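If you're wondering where the values come from, they're calculated on a predicted model, not measured in any experiment. Hydrogens, waters and symmetry mates play no part in the numbers below; they use all other heavy atoms, side chains included.
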Amino acid sequence: MKYRKLGNSELLISEISLGSWGIHEGVEKENAEACIYKAFDMGINFIDTSNSYAAGGAESFLGEVLQGIDRSSYLLATKVFFPTSPVDRGLSAAQIKKQIDASLNRLRTDYVDLYQCHRYDPDTPLEETMTALTEVVRQGKARYIGFSEWTPEQIQSALDIADVESFVSSQPQYSMLWRTPEAEVFPLCAANGIGQIVWSPLAQGVLTGKYQPGQAPPANSRAANEKMNWYLLEELFSDSILTAVQNLKPIAQNLGLNMAQLAFAWVLHSEYVSSAIIGASRPQQIVDNVGASEVQLDADILAAIDNILVSVVRK
């Protein structure tokens, strides 16, 4: 496993990190625990969760599993914004104060290494949000702060506020098929010491190549799971995209990689990306995915991928 510095922080995080949304939802507890232990065995040191995953259930699960493991040996990140109850949502000072304490209680820890705004809150003054996040850091409840899926304008507005803690991380959707952050978010963040921890590097599983154009999803796949497919982006499942993805298979095979490894290696070729978040339902998936940390894609391979995907990439 290789490690990269996260923005202007002191955090050195594994190129592959573990997300807890999928690992908790729809996965038997024993298998989910095995995935976490295997992640540590493979050198993953960064675990990402949220107060909204399973209405706090993911945090509680992690709090239980991580007991007895040296807290200084791993980095823990959680998020705040989405509803955890009919009245609890957003990034107001009151919510941030309430939700950080609830998250720490469920996670059974005194602090998180990274506290992230899960989305932007248009209903709360940004200065109020940044001041509250600053208090969280200065109270020692979080070491650093970050955000997920903010626009360049929202990011710049936060940067313009004086006397508050600076963001060190951005968590955008990013993959071979979804490159929207490249144009503005990546360079703006890089200029201001903000690293990228990217989610959905497999484009909701599409880049594994298991979904065939014109065919129903495999019965055991994420897209066929009623509990999870609400989050799949319908446009990624068009026949044109699925056909293009199938055409990537020879590239992966010639490199001795599976399709997931190719997708992760492509994300990690970016100088802007600090880490790519993976999900897993089986420990072997983690072993396979971590292999991407050692892969270097040369210019010819990158060009071949672009030629195949040129008509279907979201920019």
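Side-chain atoms of Gln154 come within 3.5 Å of backbone N or O of Thr151 as a donor-acceptor pair. The backbone N or O of Phe61 lies less than 3.5 Å from no partner atom in the side chain of Glu64, so there is not a single donor-acceptor pair. In this structure, Ser9 contributes its side chain and Val168 its backbone to no donor-acceptor pair below 3.5 Å. A donor-acceptor pair is defined here as one N or O able to donate and one able to accept, closer than 3.5 Å; such a pair exists between the side chain of Asp113 and the backbone of Leu76. A donor-acceptor pair under 3.5 Å is absent between the side-chain atoms of Asp88 and the main chain of Thr84, judged by distance alone. Judged purely by atom type and a 3.5 angstrom limit, Gln139 has no side-chain atom pairing as donor or acceptor with the backbone of Val136. With hydrogens and angles disregarded, a donor-acceptor distance shorter than 3.5 Å links the side chain of Arg4 to the backbone of Val273. Formation of a donor-acceptor pair under 3.5 Å by the Asn31 side chain with backbone atoms of Ser281 is found in this model. In this structure, the side chain of Ser17 does not engage the main chain of Ser275 through any donor-acceptor pair within 3.5 Å. In this structure a side-chain-to-backbone donor-acceptor pair under 3.5 Å is present from Thr208 to Gly205.
The minimum heavy-atom distance linking Ala292 with Gln261 is given by the pair CB-O, 3.6 Å. The two atoms that bring Ala39 and Ile286 nearest to each other are CA-CG2, 3.9 Å, heavy atoms only. Scanning both residues, Asn45 and Leu12, for their nearest heavy atoms gives ND2-O, 3.0 Å. Contact between Val80 and Gly90 at its shortest, heavy atoms only, is CG2-O, 4.1 Å. Closest approach of Arg106 to Gly56, counting heavy atoms only: CD-O, 3.4 Å. Contact detail for Ser50 and Thr78: the closest heavy-atom pair is CA-OG1, 3.3 Å.
A side chain to side chain contact (heavy atoms under 4.5 Å, CB included) with Leu297 holds for exactly one of Leu268, Leu302, Ile251; it is Leu302. Of the listed residues (Thr49, Asn51, Asp48), just one forms a side-chain hydrogen bond (donor to acceptor under 3.5 Å, both in side chains) with Lys79, and that residue is Asp48.
Between Val198 and Gln171 there is no side-chain heavy-atom pair separated by less than 4.5 Å. No side-chain heavy atom of Ser274 sits under 4.5 Å from any side-chain heavy atom of Lys5. Put simply, the side chain of Tyr120 does not reach to within 4.5 Å of the side chain of Ile155, judged on heavy atoms. Considering only heavy atoms from C-beta on, Thr180 stays 4.5 Å or farther from Lys315 through its side chain. For the pair Asp110 and Leu104, the minimum side-chain heavy-atom distance is 4.5 Å or more. The side-chain heavy atoms of Trp150 and Cys117, taken from C-beta on, include a pair separated by under 4.5 Å. Between Ile305 and Met176, some side-chain heavy-atom pair lies under the 4.5 Å cut-off. Taking the side chain as every heavy atom from C-beta outward, Leu62 and Ile36 approach each other to under 4.5 Å.
Atoms CD1 and OG, on Ile194 and Ser166 in that order, are 8.0 Å from each other to the nearest 0.5 Å. Summarising the geometry, atom CG belonging to Leu309 is positioned 9.0 Å from atom CD1 belonging to Ile241; distances are rounded to the nearest 0.5 Å. With rounding to the nearest 0.5 angstrom, the NZ atom of Lys98 is 5.5 Å from the OG atom of Ser85. Here CG of Leu207 is found 5.5 Å from OG of Ser175. Values are rounded to the nearest 0.5 Å. Between atom CE of residue Met130 and atom CD of residue Glu127 there is a gap of 10.0 Å, rounded to the nearest 0.5 Å. From Ile96, atom CD1 reaches atom CG of Asp101 across 12.0 Å, with rounding to the nearest 0.5 Å.
A donor and an acceptor atom, one from each side chain of Gln196 and Ser170, are located under 3.5 Å apart. Side-chain contact of Thr124 with Asp121: a donor-acceptor pair under 3.5 Å is present, judged by distance alone. Checking Asn289 against Gln285 by side-chain atom types alone, no donor-acceptor pair falls below 3.5 Å. For the residue pair Ser148 / Gln116, no side-chain donor-acceptor distance below 3.5 Å is found, with atom types taken as modelled. Counting only N and O atoms by type, the side chains of Ser200 and Gln204 include a donor and acceptor under 3.5 Å apart.
Using cut-offs of 30° and 60° for the angle between ring planes, the Tyr174 and Trp266 rings count as tilted. Ring planes of Phe147 and Phe167: perpendicular class, angle over 60° (limits at 30 and 60°).
Within a 6.0 Å radius of NZ in Lys97, other residues, nucleotides and ligands contribute 12 heavy atoms or fewer. For Gln67, the CD atom sits in a packed shell: over 12 heavy atoms of surrounding residues, nucleotides or ligands are nearer than 6.0 Å. Remark: Asp163 CG is loosely packed, at most 12 non-hydrogen atoms of other residues, nucleotides or ligands lying under 6.0 Å away.
Under the 6.0 Å cut-off for aromatic ring centres, Tyr74 and Phe46 do not qualify, their centroids lying 6.0 Å or more apart. Taking the six-membered ring for Trp and the full ring otherwise, Tyr115 and Tyr144 have centroids separated by 6.0 Å or more.
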Could you please spell out the steps behind the side chain to side chain contact (heavy atoms under 4.5 Å, CB included) verdict for Leu133 and Leu91? CA-CA 9 Å; Leu133 292 171; Leu91 299 176; over 6 Å; no
* Go through Ile161 and Leu126 one step at a time and tell me if the side chain to side chain contact (heavy atoms under 4.5 Å, CB included) criterion holds. => CA-CA 9 Å; Ile161 298 174; Leu126 182 55; 3.8 Å; yes
Please evaluate residues Phe264 and Val295 with respect to the criterion side chain to side chain contact (heavy atoms under 4.5 Å, CB included), reporting the C-alpha separation (whole Å), side-chain torsions for both, the decisive distance (0.1 Å), and the verdict. CA-CA 9 Å; Phe264 286 120; Val295 176; over 6 Å; no
For this session: Take Leu66 and Phe40 through the side chain to side chain contact (heavy atoms under 4.5 Å, CB included) test and state the conclusion after the steps.
Result: CA-CA 11 Å; Leu66 295 174; Phe40 286 144; 3.7 Å; yes
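For the pair Arg119 and Glu149, the salt-bridge criterion is not met [side-chain N within less than 4.0 Å of a carboxylate O]. Salt bridge status for Glu165 with Arg143: absent, with no side-chain N to carboxylate O gap under 4.0 Å. Between Arg179 and Asp306 there is a salt bridge, with a side-chain nitrogen of the basic residue lying less than 4.0 Å from a carboxylate oxygen of the acidic one.
Annotation: cation-pi geometry satisfied between Arg71 and Tyr111 (NZ/CZ under 6.0 angstrom from ring centroid, within 45° of ring axis). Judged by a 6.0 Å distance limit and a 45° cone about the ring axis, Arg89 is positioned over the six-membered ring of Phe81.
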